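Computed from a predicted model, the values in this text were never measured in an experiment.
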Amino acid sequence: MDLFHNLGVGFGVALTVGNLLYCFIGVLLGTLVGVLPGIGPVTTVAMLLPFSFTLPPESALIMLAGIYYGAQYGGSTTAILVNIPGEASSVVTTIDGHKMARAGRAGPALGIAALGSFFAGCVATVLITMAAPPLAMIALQFGPAEYFSLMVCGLVAAVVLARGSVVKAIGMVILGLLFGLVGTDVNSGVRRFDFGFTGLADGIEFVALSMALYGLSEIAVNLEKNGEDEAGEVAHIGNVWPSWADIRYCFPSILRGTGLGSILGVLPGGGALIAAFAAYTLEKKIAKPPRRFGDGDIRGVAAPESANNAGAQTSFIPMLTLGIPSNPTMAMMIGAMMIHGISPGPRVMTERPTLFWGLIVSMWIGNLMLVVLNLPLVGMWVKLLRIPYRMLFPAIVIFCCIGAYTVNSSVFDIYVMAFFAIFGYLCIKLDCEPAPLILGFVLGPMLEENFRRAMLISRGSAMVFLQEPISLAFLIAAAALLIVVAMPAIRAKREVALQEE
């Protein structure tokens with residue numbers, strides 16, 4: 001009965017006129033940034049963080065969440081029609097989706113992608129509804145030692161699942177943790193690592209950092225391409241509704257993609273990208289003959305599109321129940337909660353039930369809106385592909401500067417953003433993925449706080465982290481992940497699995 005009561009609370013929040021409007025704005029923007037190459041959900045959420053400060057927390061999180069899972073829908077449109085993945089998780093969709101489009105079957109490919117995404121999104125939301133409360137109840141029993149070890153395990157998992165060198169990913173996590181220490185120490189009141197700048201007394205502004213790493217630095221990289229990714233000739237679309245034969249043929253693939261994506265989405269550093277690649281690999285091995293993967297097999301569209309949407313939605317589970325971001329977008333969501341004065345973690349469900357359940361229910365509504373947006377209006381999205389990137393990036397720069405200034409009305413934050421934009425560009429050129437840094441930055445203060453609490457309780461004995469069974473289990477899991485990924489065979493498979501191109 002509690003579940004139905006909680007869902008009733010969620011529907012009461014999500015079905016208000018204001019929240020329906022912000023949910024629609026979120027999925028609309030998400031579809032838009034998914035369609036347009038070079039503008040991802042992380043950049044968009046980062047730019048809208050200052051605007052979300054002016055909204056009620058429920059409306060802000062509903063809108064930001066809609067951008068994230070909406071981008072997974074939109075990315076498939078360009079992947080199928082013009083062989084350009086709007087989102088990284090749609091890279092796999094180009095393999096068979098564009099072959100179908102060239103064979104005159106763009107409509108069924110778009111249709112099965114949308115329907116598979118809708119089914120996966122709804123199932124994943126049900127899983128969140130069922131899994132989140134028990135996880136939150138368990139997490140309420142955690143002490144400082146357990147939380148510290150959980151965050152260590154989460155950061156290690158993010159390192160293992162990050163693209164590129166493990167050593168570089170560890171370095172980025174450590175940098176993120178160090179950047180999170182900048183500012184005034186809460187316990188002693190002493191300023192740390194501020195280099196004499198009074199603007200750093202309260203620490204590095206999260207909005208400025210995130211917009212620099214995922215906005216301005218990405219712009220510089222995209223401008224270097226000199227229009228290489230401009231859209232080509234758009235394939236003929238035709239009827240976008242797949243036949244019943246196509247749906248029956250793809251339904252097992254949709255089920256497998258949904259299940260696999262739901263599991264991988266919970267993992268720190270996993271989410272939609274890993275889920276899409278894993279689902280496609282699985283389909284190539286176990287799908288019934290005839291297998292035409294790589295030559296326009298519709299199951300090669302259904303499985304990864306279902307997986308990336310399921311993974312995108314279940315990535316909310318650790319964020320909502322444990323306060324642990326599983327990917328950079330979830331880190332942005334935690335940043336939005338902090339801007340509103342909400343401490344992320346299991347107490348959100350008990351202390352802010354309208355926020356918790358309203359966000360979950362809004363995902364069902366948002367998925368329904370996305371089907372309407374993606375199928376009948378696909379022609380409009382295709383026309384947006386003709387907008388040159390050189391006309392888009394000035395607006396992004398302006399929004400980033402305005403956003404960085406308005407959070408604290410501080411010009412210093414714009415200088416911080418400019419510094420980290422250069423830093424982020426250098427990281428990208430050196431193949432250092434910024435995602436581990438963002439996760440380290442968000443978790444750093446919480447990691448330090450729980451470490452200090454655990455040491456105070458144990459009177460300075462570090463053995464407290466090994467004496468508590470749950471804490472010890474998390475530390476063993478973290479060590480095992482590092483040992484496994486260090487093995488040459490595992491490392492080679494990891495590099496192949498995480499290769500995007």
Side-chain angles (χ1 to χ4, degrees), residues 34 37 40 69 71-103 105-106 108-121 123-124 161-163 242 246-267 269-315 327 490 492-501:
Y69 58 80
Q72 311 306 320
Y73 277 75
S76 64
T77 301
T78 51
I80 292 169
L81 295 180
V82 293
N83 204 31
I84 299 174
E87 264 296 289
S89 57
S90 298
V91 170
V92 184
T93 308
T94 61
I95 300 172
D96 287 285
H98 190 60
K99 289 286 179 65
M100 289 182 66
R102 292 177 63 181
R105 295 199 35 149
L110 289 168
I112 206 69
L115 293 178
S117 299
F118 175 71
F119 176 82
V123 170
L161 293 171
R163 290 183 293 109
D246 284 333
I247 294 174
R248 286 194 300 270
Y249 186 58
C250 291
F251 191 64
S253 301
I254 291 173
L255 286 177
R256 286 190 289 266
T258 300
L260 188 59
S262 298
I263 295 170
L264 293 177
V266 179
L267 299 177
L273 176 61
I274 301 293
F277 276 85
Y280 188 77
T281 303
L282 180 66
E283 282 305 302
K284 287 199 298 183
K285 290 183 177 179
I286 69 172
K288 292 182 179 180
R291 299 188 185 99
R292 299 178 54 249
F293 292 99
D295 293 314
D297 195 315
I298 194 170
R299 294 172 296 183
V301 176
E305 283 301 309
S306 301
N308 68 31
N309 278 274
Q313 310 237 125
T314 56
S315 62
N327 55 56
I490 300 294
K493 289 183 179 179
R494 169 185 173 273
E495 291 171 358
V496 171
L498 296 175
Q499 187 67 33
E500 287 185 21
E501 297 177 353

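When all heavy atoms of Ile298 and Cys250 are compared, the closest pair comes out as CG2-SG, 3.3 Å. The nearest pair of heavy atoms linking Ile286 to Arg256 is CD1-CD, 3.2 Å. Here the closest heavy-atom approach between residue Glu305 and residue Ser117 is recorded as O-OG, 3.6 Å. Of all non-hydrogen atoms in Ala113 and Val301, the two that sit nearest each other are CB-CG1, 3.9 Å.
For the side-chain contact (heavy atoms from CB on, under 4.5 Å) test, residues two or more places apart in sequence or in another chain that qualify with Ala310 are Ala120, Ala124, Thr258, Ser262. The side-chain contact (heavy atoms from CB on, under 4.5 Å) test applied to Ala279 returns Leu260, Ala303, Ala307, not counting sequence neighbours. Not counting sequence neighbours, Tyr249 has no partner by the ring pair (Phe, Tyr, Trp, His ring centres under 6.0 Å) test. Shown here are the side chain to side chain donor-acceptor pair (under 3.5 Å) partners of Thr314, two or more places apart in sequence or in another chain: there are none. Taking the salt bridge (charged side-chain N to carboxylate O under 4.0 Å, His left out) definition, one finds that Asp297 meets it with Arg299, sequence neighbours left out.
Residues Phe119 and Leu255 meet the side-chain proximity criterion, which asks for heavy atoms closer than 4.5 Å.
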Quiz prompt | Stepwise side-chain contact (heavy atoms from CB on, under 4.5 Å) test for Thr93 and Tyr280 | solution = CA-CA 9 Å; Thr93 308; Tyr280 188 77; over 6 Å; no
Exercise. Go through the steps for Ile247 and Ile112 under the test side-chain contact (heavy atoms from CB on, under 4.5 Å), then give the verdict.
Key: CA-CA 7 Å; Ile247 294 174; Ile112 206 69; 4.3 Å; yes
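Of the inter-residue distances, the one linking Ser315 atom OG with Tyr69 atom OH reads 12.0 Å to the nearest 0.5 angstrom.
At least one donor-acceptor pair closer than 3.5 Å links the side chain of Gln313 to the backbone N or O of Gly121.
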